[in-house]
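The analysis underlying the following values was restricted to heavy atoms, covering all of them including side chains, and did not include hydrogens, waters or symmetry mates.
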Amino acid sequence: MPCCGISLKHGSILNWGGLKGSLSIALALSLPTSFEGKDDVLVLTFSVVLFSLLVQGLTIKPLVLRLGVGSTNESSALKKAE
């Protein structure tokens, strides 16, 4: 079901490539220095964000191809623009 003029395919791609890790890192860094286990929280947060970055970054192209969003006309237009 489209929302705000964005198709389900495009919405899925936007969600998959979103910036979910930025909020997690900001919250982990904002913990007070007196918080017991702050170092553990920081390491876990950075590890999860790095993992999701790698997984989502390496799988975005197959997702786009599988959903059939990128057409050859769009690709050739982008190449010409570069």
Original post:
Is there a path of hydrophobic side-chain contacts, each under 4.5 Å between heavy atoms of I, L, V, M, F, W or Y residues, that connects V49 with L29?
Top reply: yes
Subject >> Single-linkage hydrophobic cluster, 4.5 Å side-chain cutoff, V55 and L53 together >> reply: no
Could you state the interatomic distance from [atom1] ([X]) to [atom2] ([Y]), rounded to the nearest 0.5 Å?
{"X": "L31", "Y": "L42", "atom1": "CG", "atom2": "CG", "value": "7.0 Å"}
{"X": "K38", "Y": "S30", "atom1": "NZ", "atom2": "OG", "value": "8.0 Å"}
{"X": "N15", "Y": "L8", "atom1": "CG", "atom2": "CG", "value": "10.5 Å"}

Original post:
Taking C-beta and beyond as the side chain, do S24 and V48 meet within less than 4.5 Å on heavy atoms?
Top reply: no
**OP:** Considering non-hydrogen atoms only, spot the tightest contact between A28 and V41 and give its length.
**Re:** CB-CG1, 4.2 Å
Original post:
Okay, side chain of K9, backbone of G68: is any donor-acceptor separation there less than 3.5 Å?
Top reply: no
Original post:
So, the side chain of Q56 versus the backbone of W16: is there a donor-acceptor pair under 3.5 Å, distance only?
Top reply: yes
